[in-house]
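Keep in mind that the numbers below use all heavy atoms, side chains included, and drop hydrogens, waters and symmetry copies.
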Amino acid sequence: MKKVFVFGRGSLYKQKETYIKRTYNVQGFVDNAVSRDNEMDVESGLPVIHPEQISQYLDEDVKIILMSTQYVSMWKQLSKLGIEKHRILFGIIFPPLMDGEDVLFGDGGSIVAEECGGVCYLNCAKKIDVESHKQLLEKVQDILRERYKRKYPIIDAISQMDTEPVSRKFGTERGTAIDRYYIEKFLEKNRGLIHGDCIEIAENTYTLRYGENRVKNAYILHVKGWGENAIKGNLETGEGIRENQYDCAVITQTLMFIYDLRETARNIYKMLKPGSNALLTVAGISQISRYDAELWGSYYGFHEDAVKALFEPEFGSENVMVDTYGNVKTAIGLLCGLCREDLKEEDFIFQDKDYPVIITALLHKEEEVK
């Protein structure tokens, strides 16, 4: 194996240490931080040499590996000390390649020392004089931008789109809102829980659709008491909320427009009979509903952790089942004002927790212990 000294013992060396030890016979280390008296590397037992002394150790076949992202200044320092370019190896190009290193060196790119003490990057297309590793990483970004544009036509599509959405009404003037698809999937999945005396916020459409003949009474909770069979009440203040009244509460897309969520969670728990359930949805990634914001105020967008933290103190962690619906495509569609009919059915199948359009919660109130 070729004999080498390693200039640098930091994180880059640690990343590539296994490859270096397998490929080269390491004679010692070079370090600007040591004195001109030889020191020993505690971990390896090898000598640590100051750069000004390294020429004493360079037999005909010994090379130096620069193991730092400061390789340009390192090479300039060695060049001034008279070290020839053929002795210099750039450890940044060794495997395993990390992040941008793979882009630069994974397809044959390399870094080369020049006689004048400079450094250049070479690939099959061009040569670039390198002033710093930061400058080379900027080249990585240039390369990736071109690659991504070829691979993802959406980049050009988004860059050319208007800053105005297709619709500010969630696409409802042309079809069904995208978030409604997920809400209705959640209610369909849990339709068996909608039975007996039910209460829904603002209307009872979902209660009647999914509860069918299991529903005894379909009440509406509305802050102004609007609607047939409506109760004038408020989830936030507790107005109109009676204890242990309902077998199921359907609360869709409501909590974003309520400020005091702690009191709201207590009132939801309060209204349910022991052994009953609430089916709740909130917005994750979403446009603001300007209509609701102007009526009630708009305060929150949610994350699944927030929903758990909100309801677990009341219901208990084992009785709060939270899930997310959505992916990057449906989230973009919703924000742009597309409707469900603009997308394909298969667009809704994949659920990506990093892009939650809708967050759902099944809340269960335990039976009282007698």
Is the centre of the [X] ring less than 6.0 Å from the centre of the [Y] ring?
X	Y	result
Tyr182	Phe348	yes
Tyr57	Phe5	yes
Phe257	Tyr300	no

If you define the side chain from C-beta out and look only at heavy atoms, does anything of [X] sit under 4.5 Å from [Y]?
X	Y	answer
Leu362	Val320	no
Leu89	Leu66	no
Leu78	Ile64	yes
Ser55	Leu81	no

Does Glu101 form a salt bridge (charged side-chain N to carboxylate O under 4.0 Å, His left out) with Lys16? I'd like the steps, not just the answer. CA-CA 12 Å; Glu101 297 168 14; Lys16 301 171 188 288; 2.9 Å; yes
Starting at [atom1] of [X], measure out to [atom2] of [Y] and round the result to the nearest 0.5 Å.
X	Y	atom1	atom2	answer
Met74	Lys76	CE	NZ	14.0 Å
Leu363	Ser276	CG	OG	10.0 Å
Ile111	Ile88	CD1	CD1	12.5 Å
Leu187	Thr205	CG	OG1	11.5 Å
Asn234	His222	CG	NE2	11.0 Å
Ile332	Asn327	CD1	CG	9.0 Å

Between Thr281 and Gln253, does a side-chain hydrogen bond (donor to acceptor under 3.5 Å, both in side chains) hold up when you go through it step by step? CA-CA 5 Å; Thr281 72; Gln253 305 305 91; 2.7 Å; yes
Determine, stepwise, if the pair Lys80 / Glu52 fulfils salt bridge (charged side-chain N to carboxylate O under 4.0 Å, His left out). CA-CA 10 Å; Lys80 288 179 181 178; Glu52 292 186 1; over 6 Å; no
[Y]/[X] salt bridge by N-O under 4.0 Å criterion:
X	Y	value
Glu341	Arg174	no
Lys185	Glu188	no
Asp247	Lys216	no
Glu184	Arg209	yes
Asp142	Arg145	yes
Arg266	Glu263	yes
Arg262	Glu314	no
Asp61	Lys3	no

Between Ile268 and Leu272, which heavy-atom pair has the shortest distance, and what is it?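 Heavy atoms only, the tightest pair is O-CG, 3.4 Å.
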Would you kindly say whether [X] and [Y] are connected by a side-chain donor-acceptor distance under 3.5 Å?
X	Y	result
Asp292	Ser289	yes
Thr264	Asn267	no
Glu200	Tyr246	no

Evaluate the side-chain hydrogen bond (donor to acceptor under 3.5 Å, both in side chains) criterion for residues Thr324 and Gln351: first the C-alpha distance (whole Å), next the side-chain angles of each, then the deciding distance (0.1 Å), finally the verdict. CA-CA 7 Å; Thr324 66; Gln351 310 306 332; over 6 Å; no
Centre of Phe315's six-membered ring, under 6.0 Å away, within 45 degrees of the axis: is that where NZ or CZ of Lys365 sits?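 Cation-pi check for Lys365 and Phe315: fails.
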So, Gln287 side chain and Arg168 main chain: donor-acceptor pair closer than 3.5 Å or not?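 Here the side-chain-to-backbone pair exists.
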Does Lys127 form a salt bridge (charged side-chain N to carboxylate O under 4.0 Å, His left out) with Glu114? I'd like the steps, not just the answer. CA-CA 12 Å; Lys127 167 185 170 182; Glu114 299 188 295; 2.9 Å; yes
Over 12 foreign heavy atoms within 6.0 Å of CD1, Ile154: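 No.
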